[in-house]
There are 2 protein chains.
Amino acid sequence: MVKLSKKADYGLIAVRHLSQGETGKPSSAKEIARAHGMPVELLAKVLQKLVKQGLLVSHHGAEGGYALAREASSMTAFDVIRAIEGPIFITSCVTVRGECEQAPHCTVREPLSRVNEVLAQALSSVRISDLGGGLPPLVQLEATK
Amino acid sequence: MVKLSKKADYGLIAVRHLSQGETGKPSSAKEIARAHGMPVELLAKVLQKLVKQGLLVSHHGAEGGYALAREASSMTAFDVIRAIEGPIFITSCVTVRGECEQAPHCTVREPLSRVNEVLAQALSSVRISDLGGGLPPLVQLEATK
DNA sequence: ACCATATACGACTATTTTAGTCGGATATAG
DNA sequence: CTATATCCGACTAAAATAGTCGTATATGGT
């Protein structure tokens with residue numbers, strides 16, 4: 001199956017969430033998780049990865065939380081996914097260094113890596129700021145509590 | 001991880017393999033598997049799926065095997081992957097009918113489905129005939145025996 | 001007719017990946 | 001000092017994937 005992991009999903013959703021709120025005010029993991037019905041602990045780990053990769057900034061303590069480290073328009077879906085999942089390769093044949101683990105006789109590496117490139121480029125073309133829609137209704141924030 | 005399953009890999013490799021040989025002559029699963037170092041039984045199942053989806057034609061018995069059902073130029077990576085994996089959705093949020101399983105309050109459905117579309121389109125843009133490279137050297141065919 | 005070679009198909013196991021949970025450490029605002 | 005956060009690692013559970021095995025069926029060649 002060609003799909004994003006839930007972690008990547010959560011990451012994209014969270015980053016988009018942060019791109020919508022007021023810029024100065026950070027959102028806590030709990031807040032984001034509740035707004036979208038995700039398990040808090042899992043989302044927290046995702047957010048921490050995004051911090052470590054420099055996409056988000058965090059603030060400890062009460063009234064703390066997470067915020068975008070830079071403009072939503074300069075951040076792509078590719079950035080977020082890669083930060084969460086590590087280097088992205090689509091085909092199993094291609095490793096981090098772009099090499100095939102099998103012997104050099106592998107002639108499919110080159111053709112399949114083209115699929116890789118196309119997909120990577122597609123993901124890079126999606127800016128976080130392009131992910132429209134509003135924040136979920138407040139009803140939800142209460143209901144999930 | 002955003003990646004194709006091995007099955008999808010095998011499928012793409014096999015289809016490409018078939019697109020390279022002489023058009024009339026079918027290739028057996030064993031032949032293809034050996035040429036690329038895949039488990040025969042697994043590849044066989046993949047090929048059978050491709051037949052069932054109408055991408056390949058098969059021929060039983062000795063001198064039998066598989067062949068493309070139509071031109072390599074009219075077949076895309078998307079076709080092959082979808083035939084193997086079923087309907088493709090990238091984000092976990094989007095189901096077959098494009099609906100979110102969660103309540104309608106889900107506001108991320110629409111934005112994330114954009115990621116879906118972009119990737120699907122990217123895969124559709126890759127024609128099998130675009131996957132260049134030659135067939136593996138004959139050495140390999142012997143060595144793997 | 002017989003046999004070697006194929007596809008076709010389902011059941012099964014093993015492995016890996018993913019998802020989710022838990023416990024505790026550290027930082028910070030009020 | 002306490003409530004609220006991030007942070008981080010270890011752990012378990014569940015699901016998807018990869019691979020295996022057995023068997024039935026079709027077909028070309030001898």
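Below, read A as the first sequence line, B as the second, and so on, with proteins coming before strands; counting in each chain starts at 1. These numbers were taken from a predicted model, which means no experiment stands behind them.
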Value in whole Å for how far the [atom2] atom of [N] lies from [atom1] of [X]:
X        : N       : atom1 : atom2 : value
Glu41(A) : dG24(C) : CD    : C1'   : 14 Å
Asp9(A)  : dA19(C) : CG    : P     : 8 Å
Lys25(B) : dA6(C)  : NZ    : P     : 13 Å
Lys6(A)  : dA13(D) : NZ    : P     : 19 Å
Leu42(B) : dG10(C) : CG    : P     : 16 Å
Ile84(B) : dA18(D) : CD1   : P     : 11 Å
Glu31(A) : dA3(D)  : CD    : C1'   : 17 Å

Taking the side chain as every heavy atom from C-beta outward, state whether [X] and [Y] have any atom pair closer than 4.5 Å.
X        : Y         : answer
Leu47(A) : Ser58(A)  : no
Tyr66(B) : Gln48(B)  : yes
Leu43(B) : Ile32(B)  : yes
Leu4(A)  : Leu12(A)  : yes
Ile13(B) : Met38(B)  : yes
Thr76(A) : Leu123(A) : no

Distance test, side-chain N/O of Tyr10(B) to OP1/OP2 of dG19(D), below 4.0 Å: yes

For Ser58(A) and dC7(D), is the shortest distance between a side-chain N/O and OP1 or OP2 below 4.0 Å? yes

With nearest nucleotide decided by heavy atoms, which residue, Lys52(B) or Lys30(B), maps closer to the 5′ end of DNA chain C? Lys30(B)

What distance separates [X] [atom1] from [Y] [atom2], expressed to the nearest 0.5 Å?
X        : Y         : atom1 : atom2 : result
Leu68(A) : Gln20(A)  : CG    : CD    : 10.0 Å
Arg70(B) : Ile128(B) : CZ    : CD1   : 9.5 Å
Arg34(A) : Ser27(A)  : CZ    : OG    : 13.5 Å

Assert: residue with more 5' nearest nucleotide on DNA chain D, out of Tyr66(A) and Lys45(A), is Tyr66(A)

Hey, which sits more toward the 5' end of DNA chain D by its nearest nucleotide, Leu47(A) or Lys7(B)? Leu47(A)

Could I get a table of every N or O pair under 3.5 Å where one atom is in the protein and the other is in nucleotides 26-30 of chain C?
unit_1: dA27(C); atom_1: O4'; unit_2: His60(A); atom_2: ND1; d: 3.2
unit_1: dA29(C); atom_1: OP1; unit_2: His59(A); atom_2: NE2; d: 3.4

Using a cut-off of 4.0 Å on non-hydrogen atoms, how would the nucleic acid contact of Ala29(B) be classed: base, sugar-phosphate, or nothing? sugar-phosphate

Nearest-neighbour nucleotide for the Val51(A) side chain, dC7(D), dG19(D), dT18(C) considered: dC7(D)

To the side chain of Gln48(B), which of dA8(C), dT21(C), dA6(C) is closest? dA8(C)

Report the end-to-end axis angle of the helix from dA1(C)-dT30(D) to dG30(C)-dC1(D); each axis comes from five terminal pairs, and the value is rounded to 10°. 20°

